[in-house]
There are 2 protein chains.
Amino acid sequence: MNKGRVTVVDIAHAAGVSKSTVSLVLQGSPLVNEATRAKVNAVIRDLGYVYNRAAANLRQTASSKIVGIVVNDLTNSFFAELAVGVDMVVQSAGYVQFLANTAESVTRQGEVIASMREHGISGLVISPARGTEAADLKPLVASGIPVVVVVRNIAGAKVSSLISDNRAGARAAVEHLAGLGHRRIAFLGGFPDTAVFDERRVGYREGLAAAGLEVANDLIAGSAPSRAGGVDAVQRALLLADRPTAALCFNDAVAFGVCDGLRSRRMEPGVDFGVVGFDDVIEAKTAVPALTTISVDPQGMGQRAAQLLMKQINAGKPEPEALTGAVRLVVRQSCGAGAKRQEWRSAV
Amino acid sequence: MNKGRVTVVDIAHAAGVSKSTVSLVLQGSPLVNEATRAKVNAVIRDLGYVYNRAAANLRQTASSKIVGIVVNDLTNSFFAELAVGVDMVVQSAGYVQFLANTAESVTRQGEVIASMREHGISGLVISPARGTEAADLKPLVASGIPVVVVVRNIAGAKVSSLISDNRAGARAAVEHLAGLGHRRIAFLGGFPDTAVFDERRVGYREGLAAAGLEVANDLIAGSAPSRAGGVDAVQRALLLADRPTAALCFNDAVAFGVCDGLRSRRMEPGVDFGVVGFDDVIEAKTAVPALTTISVDPQGMGQRAAQLLMKQINAGKPEPEALTGAVRLVVRQSCGAGAKRQEWRSAV
DNA sequence: TGACAAATTTGGATCGATCCAATTAAGTCA
DNA sequence: TGACTTAATTGGATCGATCCAAATTTGTCA
């Protein structure tokens, strides 16, 4: 008994052919006679044979049919959806994915990438942890494995990237709020030392400038990019002498927190204060009030990233491409667009 | 050039030793002399050698250091956190995880399990898709691979399971609401054809009985187990002649939807209507009002499931165990416990 | 029927790391 | 120094599937 494991040799023996023939059947070669093919397939089914990919991949000509996906925070539904998008494409291409969560730890990220390399991934989609540098991906890229960076860019890394158009999105949001009559528009939440924060802040400023509004630094209040952070940020903003009447939030989680914070001060989002989020997570649509936000479609983004990766894997030699994901403003209730026109003044 | 790939033989040649010695160094054997070990390690670093796990696993004595995790809906943050919990344990045990999302498709689930088998996983944690039968896992268990089923049980499958104590949780929630003075308590949301729904409904009935309340079937309103489903379910419940004044919801997502639905009818959750969720997802704590719910701790559950799996992998022969996860009632605002005592009557 | 082409089948070498038995080097002691 | 133990190293076989060149069978036509 070979530990219960059935191999090509066992199949060959039982079917009365050579292992080479069995191998040809396995890969659906047209060289093999229909009658033998049928017989071999029957034996395969009878013996409960399981193909051993690891053994096949040993030949250097073969590729592993495994891709890695590394995300910085899977508990954030944005990234969970991103992973689902990748999974969909990867699965239908006959690949499987190694998924690892780094929880924003560059150390752990290094470990999982090393482990994935040892397991022979043929490509990697990564949403890097905060503080990731080009050097962290260097060995991977050097060995010719295609890498697609999503969501957060890494300066100087010679890899493909798929980043959503944060600047244009933020700008559109601010212009929309200005169009509704708001004069004091805050930018709430997010860690100021990240590239994404930077891009959105630039867009925020552009939007203000385009609307002929003054840019005041006290209207920018960073925080953790979470619901709790949003509560915190809006509370600080409301302490200002000259209060904002609306806010663009770093992301949807922050925006929900801002709504919570407003309510705890007896202000109703979309009525007493305009709120715009960023990302358009699934809950944005069904929340009350429904969240006006910049739609990024994380699942679609995951799909595009995976498609790009697949293209590069098949191409053999990866040619870095930098794509930007289109974003669009989705107007719902939280910005107050439906409410009757009024002058937005700081309530006392 | 071997396609740039560095192997043990290359290392051996460069270090002036045999491949056997290199292999011993790789596995940290005490048999090798310190001086040679140092030299070999230096060469390994210099040449940028990457260990090839697939090749090593080819020997039948070795195990793959890969586990699979299959979830039915990764976009649901409950399962995303479960996956994170599994990932934590698995990573620190030096394993990597194949993660696949089935989106409740039994067909896809079958495909991914087959694919994982071909890649030689040494264990599987699975939250099965709706409609999964014992037969779907049969070949896997037959080949001696440990399987841990989480969240949803599969009748008749000879595998280990880790299911949270749905009955006790639901019962505690209902007794709590009854203790607050509620007489008409609804059970909202969830698909009625699932085991989890069944268990929670049993607990709901037990709770009503224990409080001496009548069990009325019209107070049970199923729906999709999502935020949108919650909105829908509460709206139907409020159309009843004899309206409920509180509800136990199938899960937290439904509970949030119920809050949304109440607000859209100008009722405030925790004031005009008592709401209790199930699962205790991260947002439950920070939502406004904070959600009273049954805490299941999905991340901890993932960890326990992974630990159980690891134990079985190391044990060699998997001995099926059925564990139930403890749950506890977390009282926050949405149930109205903080509000001043009053008679709960159906508001007109 | 023999010569030749086309269709099938096959043994052996190969991928990269591990394991075993066997060999060599170093150390100990009478 | 020789006999012996202990430490360190090594060649070859092995895992399971693939690939190649070579062998075998079948088919075609003069």
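A note on names: the letters A, B, ... follow the listed sequences, proteins ahead of strands, and every chain is numbered from 1. Being a predicted model, the structure only gives us computed values, none of them experimental.
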**OP:** Decide side-chain hydrogen bond (donor to acceptor under 3.5 Å, both in side chains) for B/Asn72 and B/Ser127; before the verdict, give the C-alpha distance in whole Å, the side-chain angles of both, and the deciding distance to 0.1 Å.
**Re:** CA-CA 6 Å; B/Asn72 52 293; B/Ser127 165; 2.6 Å; yes
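- Remark: P of C/dG16 and OH of B/Tyr51 are 14 Å apart, rounded to the nearest angstrom.
- Proximity of A/Gln27 to the phosphate of D/dC19: a side-chain N or O atom is located under 4.0 Å from OP1 or OP2.
- Near DNA chain C, meaning a heavy atom under 4.0 Å away, there are no residues from residues 42-50 of chain A.
- Annotation: side chain of A/Val67 is not in contact with side chain of A/Leu124 (no heavy-atom distance under 4.5 Å).
- Applying the ring pair (Phe, Tyr, Trp, His ring centres under 6.0 Å) rule to A/Phe79 yields no partners; only residues at least two apart in sequence or on another chain are considered.
- Between A/Val90 and A/Met310, the closest side-chain pair of non-hydrogen atoms falls below 4.5 Å.
- Side-chain contact between A/Ile69 and B/Leu99: absent, with no pair of heavy atoms (C-beta onward) separated by less than 4.5 Å.
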**OP:** Could you walk me through whether B/Ser122 and B/Ser63 pass side-chain hydrogen bond (donor to acceptor under 3.5 Å, both in side chains), step by step?
**Re:** CA-CA 7 Å; B/Ser122 16; B/Ser63 79; 4.9 Å; no
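- At a cut-off of 3.5 Å, with distance as the only test, a side-chain donor of A/Ser23 or A/Gln27 sits close to an acceptor on the other residue.
- The closest side-chain heavy-atom distance from B/Ile126 to B/Ile113 is below 4.5 Å.
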Interface polar pairs with nucleotides 6-11 of chain C, N/O, under 3.5 angstrom:
| residue | atom | partner | partner atom | Å |
| --- | --- | --- | --- | --- |
| C/dT9 | OP1 | A/Thr36 | OG1 | 3.0 |
| C/dT9 | OP2 | A/Asn33 | N | 3.1 |
| C/dT9 | OP2 | A/Thr36 | OG1 | 3.4 |
| C/dT10 | OP2 | A/Ser18 | N | 2.8 |
| C/dT10 | OP2 | A/Ser18 | OG | 3.4 |
| C/dT10 | OP2 | A/Thr21 | OG1 | 2.8 |
| C/dG11 | N7 | A/Ser20 | OG | 3.2 |
| C/dG11 | O6 | A/Ser20 | OG | 2.6 |

